Structures are given as structure tokens and as C-alpha cells.
Amino acid sequence: MGLLRADLQALANGFRTDGRAALIGRFAPPVVLAAMHWMLGAMLLQHRHMLSLLDNGGDPLAYLFGHALAPGPVVAGWIGFALAQRQLFEAPELVLWQSAPIRRGRAALQVLLRAAATAVLWASGLCLPLLVQMLLVTDASPGAWVAVGLAVPSVVLPPLCFVLALQILLLSLARGAWTRLVLSTTSALAAFGFPVFLLAQVFFGGASSAQEVVNAAQRSREAGRLTGATARLLANAVDGTATTAHWFSVLAPTALMLALILAVAPLHAGAVQNHELARAQRPRRRSRWPAGPIAVLRRKEFAQILQQPGALVHMLLVGAMVHVFAAQGTFVGGFLAGDQMPPELRQVAAMTTLWFLAVLMLLYTHMGRFSAADGAQWPLYLQAPLQTTTLLFAKLQSIAVLMTWPLLLSLWAGVQWLDAGMAACVPFVLLACAGSMIALATVATVGTWPWLVRPEIDGRLSQGSRGLVGSVVLVFSFYFAVSPAFFGWIWLLQRFHHHPVHEVRAAMTELWPPILLIAFGLGGLLMSLAVPISRHHYARLLAPR
Amino acid sequence: MTLEPSRHGAAIEANGLGRHFANKWAVRGLDLAIAPGEIYGFLGPNGAGKTTSIRMLAGMLRPSEGTVRIDGREYGSDPAALKQIIGLVPDTPPLYEYLTGRQYIALVASMWRVDRQTRDERCDRLLHQLYLNDGAEDLCRSYSHGTRKKIHIAAILTTAPRVLLLDEPTTGLDPRSARALKDLMLEESKRGTTILFSTHVLEAAEQICHRVGILDRGQLKAEGTVAELRAQRGEDSLEAIFLRLTDGGGDAARPEMENGDGSAAR
């Protein structure tokens, strides 16, 4: 049985009773995303100028197709750097592949095939909903439907081949611990960036970005470099004017990049060896750990962040993102503009938004800390003579400490970039403390939910297909829990409409105490609900099966 | 080497223990009585139900029928109190990849509420005895399979359990480490620790076990000291007894012993 046939057989085995959960786990996330993107696409196409842009064709239509295809290269980067990198250098099958009498480079090509199939699946979920709706609206020719079948692979395969070839080349030519560190950092970046991209699509895509997309299309802006040729092919195929040159411009880069990976693949075996040799064996200082279970479990959470490059990079990246958002006014520009509200109030709103975004970027990881991240070690928890509350409080305490990171980041960004003074910083810190309680209550409730983490027969916990569901439930629960803050801001804007700034400032002096009281009251209420709920969840997870 | 097992006062006791997955029984009607300080070897082919039995004894898997008593007590409303005296070494050690070996041992010791000074003393002694001194400050992800196993064994022994359950503890260990582990088990036994360990290494069972039990297709086929089994079965070696009792079959010969989730019940 060849390698390809073995993979296909493994996939087919998924249809058996005992493999269905894994199969659903593989296909459910892109299908769920496709459904969400169908709705987002429908909202985008409802813009009043969209119909004329689609009907007129030409460059604006090419731009719109490019916009629809934009997730393709992002998916390729994510799969290439995060998932395929692990497959290339750390897959358990490597031992077999390398010891088997198969052609040199065959293992790398197998990884490419797996990565390509996964990337095309995810990219189809993100790109096809809008592409198909556009073709339906434009009453496209049959040629366009043929072209759309090729569109997703043509924007995914070239960057994916390039990323894989680059990693093999890097480890072949520049061996050493630094190369390995660079690769693991890019892997962490990709693993962090993709969920952020998805969140941005969900929260800032659809109707909210329609005007921006229409403006760019009306100015006949070029589609991205990686999607431009395919977008032009589709735009011409819609009215049946696609030429051989259009097809060639799409197929040539794909063929070129396939040739590149074919040329580089024989270096893979050496790159794997270099990757293994570059494993840094830095002697670590012997640390004196405490003896109490809560203190040690807390310490364990921090050690896992500091000693795991991916986790540390993740935390630092959140800092970088907050820095970029604050420096460029992304997402907070609206709060800072205008002079209706006193500057310190606008700064509080902007810093709170930065805090919200930073928490959003970390929330799913924190959710994992309650149970899923310890999935492989769950047999140890099952066997340990610990009370449920001991384990839960250790986790709650460590996550509470980690929750100060978004607060500190937003505070620093406010002082550094938004010129926030004490009048803005003090209320912000208090609001963020209350918000952290709300966030903690949300992750404690959702992150321990036995429905989202399934205990296996050997005691391990696994998420299966519920990882995506869990992240969606978590994000929307948090969104819902902090929504009073958004409504509160709108109420303030309406309440002080046309009031002079000095009057607003005076009124706010009296309004801050009740606002903070409500915020802490909500945080306290949610925590008082979350603790018994998560304790009940933990007791269920820790019970023998 | 014999210890008289007595059902009253047994450190590990199982009565009619059984567990089924979907429609298949992995273990059925298992009766065990292991005396304090006894080393009991749990033998059986792959898929015989050894791991399932150990998980039930460790309180990780709820029996479908029968009862488990550890130190005379059942897992009831306060399983944590019972777990305090039990140490389990599973076939796959549940190490944290990004903790060092010593940090992992500190974590496990804290879960069993071992004070810092005792922990450090025991940890240093065990690391030395298991030849782990050099790698104790490396991250667990860099360990070989054998080292991972030794780190977990050291961690569990740091908690000084009175009942020690080991699932194929010698698998993956080099001869020196395997010898060290056997010495440790004998040492623990002399201190009064009751040990049940599953193994495929019949020689190890012959060397250190007070009694052995041979499990096949979820049922205990024979039990006793090696000398007793030899006399009863008229065979010269434990291997011959094992092969005769288990009918020479492996997993392929016993598809009915697969778990409901497709994994093999050992």
C-alpha cells in the first residue's frame, strides 16, 4: 500500500463507528465556518452599490473576487507554518518513512499532499461561500463555474509549496538552534494569527466592512498579488471573455511552485536530522518549588508559559498587537476622534477596547488551562488525592494572575500612545479589574464544561470536534457578558449629546461610582455563579468513567 | 518467597470485578486479595484486561460489576482519601512536556501533599537510584520513553504510596534501570508497600513476585506462587504455564476482547 493510499484508507476508516468522531472533528470546523461566511457574504452583497459593481465587471469585479479569495493565502500560511511544519519535522510517521525503502523526498511530498488537502478544505470553507454567491448574482457563464473550481487551489498551493520548500531549505542550509527557534516562532505566529484572522472576519467582516470593500472596488484597486491572477481569470470568465493568457497566468505560478518543492524535497531527510540535532539542551537552573498543591499548580501554569516557546510568543504577540492597535488607532480611532466627550473619558473607552481585544486574543488559551491543555495529563489529576476545589482554585488563581497581562498592556498603550493621565488610568484599571472577573467567570464556566471536553476511556481528555464549538461559545459568551459596557457607552453618548465638555466632566465625577459599582457587582455575580458551576463540571470530569 | 494472602486485611481486594465496553466484557469476575507488603505479578497476553483491571483498582474506571477495596475501604464519598495511599504508574506516563523532570516530580509530590523537605530528600534519592541525576533539569519533552517512565516512577515513589499499581513498568527500560526498578520494588515491599504490577517479562515476575496471577480474556486463569503453579500444572517454567493457560493466542485470537472504543483491552 502506497503512502497516499494509506492516508486515503485511514480517512475512509473514519466512516466506521469508532472513527466518526475523528472524521467529524476534521470536517466540522470548515463546514461551520462556511456557514458563517455564507451569512457574512450575503450581508456584504446587500450593500446598495454592490449590484452595479458586480454587473459592470472589469477591475472592480476582479477586486471583489480577489477580496473573496483573500483567505486562501492566509490559510496556506497557517497550515504551512503551523501544521505542516510539525508534520515535516516531528510527525510520528517520520521514523517509518525514513527507514522505508521509498524515493528520497517522498515523505516531504506526502506532507505536502496532506497539507494541501487540509488547506484547500479550510480555504474552500472561507472563500467559496462569497465566490458562489457572486457567481449566482452575476449569472456567470459555465466557464466561470469551471474556473471557480480551480480558484481555491490556485491561491492556496503556490504559497503552501513555497512555505514548505522554504522551511526545508532553511534547515538544510542554516542548521542550528537559532534556525529551529525561528521556525518554532513562525509556527507560533501562524498558530496565533489564524484565529485572530477568523475573529476579525467574524466581528469586522460582512456588513461592517462592506463600505470599505465597495470604496476599494470603485477605485479599481488591484487585488492582492497572490490572488490577483485568479481574480482576473474569474472576472473575465463571468462574461465568457477569459483567454488562454488568463488561464496560463493562474496555472504557471502553481506549476512553478510545485517544481520548486519537487526540487527541494530530496533535502528533507537531511533537514529532519538537522532539526533533531538543533534541539537545544540548555541546562536549566534548578528551581525551588513550593510544596502546597495550589502553589505548585499555579507555578506549573507559569512555568509552562515561560518554558514553552509557543506559549511565550503568544503572550508577547498579544502585546505587539495591542501596541499596533494603539499606535495606529486601529479599532480605537473612533473613540478618540471628536470632541463631544472629555478626552479622559474617550481615553478610558479606547483603553477598555484595547483591553477587550487583548482578552479576546487570550481567552481561548486560558479556557484550555482549565482542562483541555492538561488533557494528556488528566490521568494524573484523576489519580491524585486532591479535592475538586483545590484543583479549580489553583487554576482560577493562575488565570486571574495571567489576566493582568491584558490590563497592563492596555494601560501601557494608553499612557504611551493615547496620552492617558491619572484621570483616565484610574477608572480604566478599576473597569478592567471588574472586566477580568467577568472574563474569568466566562472561561471557568465554558472551559470546564464536560460537553466540550470528552473524557476518553484511558482518562485523557480530548476536545475532538468540539474545539471550534467551544471557542465560538466562549467568545460569544464573553461578548454577551461584557455587552453592558457597550450599551453603557452608547447611553453616555446619548445622555450627554450637545452638552459642553465641562458639564460632562462634572457629571462623570458623580457617575463613576455607580458605574464601577455596577461593573464590580456584575463581575462578582458572575464569579459567584461560575465557581459552583465549574466545581460541578470539574467533579464530573474527575469522576471515574 | 511467599506471603499468606488473607481476604480480611488484604491491602488490595477485588470481588467479582468486571467491566464491559459496549457489548464486550474486558474483565469479568475478577477476584483478588493481595496482602500488605506483597508483590503480585499480573501476567497475561495483550488484550487480556490487565490495564482495565489496574484502572479499576486505581479508581479511574468505574466497575460495571463487583467491588474494589483498598486497605479495607471502598471508593465511596471521599475517593481522595483513598487515593492518598495509592500510586499508579500507567503504561504511558502523563508528563508535562514543558516542565523539567524535577519540576514534574515537585508537581506530583504537591498533589499528594508531601512537604518540601521530605520531597527533596526522596526525590534526590530516587533520581540517584534510577540514574536520573543528569537529566532532571531538562524538559520532559527531550526524554526517551524509558526516561519518561523512570521520571514518573520517581514522582510516584516520592509520594510514598502504601499501594503501588504499575502497568508494565519495565517496558522501555535499559537492563540497569530495570534492575534498579526491581530493587526499588523489593525495597518498597520490605517497607510494607503492596505492589501489583503487570508485565510481559516473566523472568522479572519469577524473580521478585510473591505471587502471580495469569489473566486471559478478562478472567483469572491461575494464581499462586510460581512454585505452586509449577507443581499444580506439572510444568518446569512459568513461560510454559503461561503459554498453556493462555492457549498461545494473542490479540488476533481474541477479537472479542476489544474495547468498545476500538482500543484493545489489556
Side-chain angles (χ1 to χ4, degrees), chain A residues 13 16-19 21-22 90 279-301 303-312 373-388 390-391 394 455-460 542-545, chain B residues 21 51-52 55-56 58-63 75 78-88 90-100 102-120 136-139 141-142 152 155-156 159 165 259-263 265:
Chain A
N13 288 347
R16 288 169 31 169
T17 315
D18 50 358
E90 289 174 290
R279 190 189 284 271
Q281 283 288 8
R282 271 189 304 121
R284 285 166 195 279
R285 195 167 49 86
R286 182 176 164 177
S287 47
R288 297 277 297 166
W289 277 30
I294 290 185
V296 168
L297 283 164
R298 215 170 41 215
R299 183 96 178 241
K300 180 223 102 181
E301 296 294 337
Q304 279 191 295
I305 292 173
L306 295 172
Q307 292 170 186
Q308 186 172 354
L312 191 60
D374 292 321
Q377 292 78 29
W378 206 251
L380 179 66
Y381 290 95
L382 280 174
Q383 215 242 317
L386 288 177
Q387 297 296 333
T388 311
T390 308
L391 200 51
E456 300 286 347
I457 199 68
D458 61 358
R460 284 177 300 118
L542 288 165
R545 283 203 70 203
Chain B
F21 299 104
T51 299
T52 303
R55 287 199 188 120
M56 284 192 284
M60 292 171 69
L61 203 58
R62 192 173 281 130
Y75 288 100
D78 190 10
L82 201 48
K83 287 176 180 179
Q84 181 67 47
I85 61 163
I86 303 173
L88 170 72
D91 182 34
T92 310
L95 303 191
Y96 280 92
E97 300 291 312
Y98 287 95
L99 293 186
T100 66
R102 197 180 285 275
Q103 288 171 345
Y104 179 72
I105 292 171
L107 171 72
V108 173
S110 78
M111 289 174 149
W112 268 257
R113 296 173 196 282
V114 180
D115 67 79
R116 192 195 292 214
Q117 192 186 343
T118 313
R119 175 196 76 194
D120 288 344
E137 312 304 333
D138 293 339
L139 294 182
R141 72 193 301 255
S142 68
H152 187 69
I156 288 297
T159 69
L165 306 168
N259 289 338
D261 64 352
S263 62

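Everything numeric here is computed off the predicted structure, so don't read it as measured data. In what follows, chains carry the letters A, B, and so on, assigned in the order in which the sequence lines appear, proteins first and then strands, with residues in each chain numbered from 1.
- Residue contact with chain B, scored on non-hydrogen atoms closer than 4.5 Å, involves the side chain of A:T390 exclusively.
- Contact of A:A376 with chain B is made through the backbone alone, with heavy-atom distances under 4.5 Å.
- Put simply, of A:A384, A:A303, A:A295, the one with the most heavy-atom pairs under 4.5 Å next to chain B is A:A384.
- Taking CD of A:Q304 as the start and CD of B:E97 as the end, the distance is 10.0 Å to the nearest 0.5 Å.
- Ranked by heavy-atom pairs shorter than 4.5 Å toward chain B, the options A:G292, A:P290, A:A311 are led by A:P290.
- In this structure, B:Y96 OH and A:Q377 CD are separated by 4.5 Å, a value rounded to the nearest 0.5 Å.
- When atom types are taken as modelled, the side chain of B:R62 and the backbone of A:P544 share a donor-acceptor pair closer than 3.5 angstrom.
- Comparing A:L306, A:D374, A:L297 by heavy-atom pairs within less than 4.5 Å of chain B, the highest count is held by A:D374.
- Shown are A:K300, A:R299, A:Q307; of these, the side chain to side chain donor-acceptor pair (under 3.5 Å) with B:Q103 is made only by A:Q307.
- For the atom pair B:D120 CG and A:W289 CH2, the distance stands at 12.5 Å (nearest 0.5 Å).
- Of the residues considered (B:Q117, B:M56, B:R102), B:R102 shows the highest number of contacts with chain A, using heavy-atom pairs under 4.5 Å.
- For the atom pair B:I156 CD1 and A:L380 CG, the distance stands at 6.5 Å (nearest 0.5 Å).
- Rounding to the nearest 0.5 Å gives a distance of 7.5 Å between CD of A:Q383 and CG of B:L165.
- Legend: residues meeting salt bridge (Lys or Arg N to Asp or Glu O under 4.0 Å) with B:R119, ordered by chain and number and at least two apart, are absent.
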Donor-acceptor contacts under 3.5 Å from residues 107-114 of chain B side chains, at least two apart:
from	atom 1	to	atom 2	distance (Å)
B:S110	OG	B:L107	O	2.7
B:W112	NE1	B:K83	O	3.3
B:W112	NE1	B:I86	O	3.3

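- Residue contact with chain A, scored on non-hydrogen atoms closer than 4.5 Å, involves the side chain of B:Y104 exclusively.
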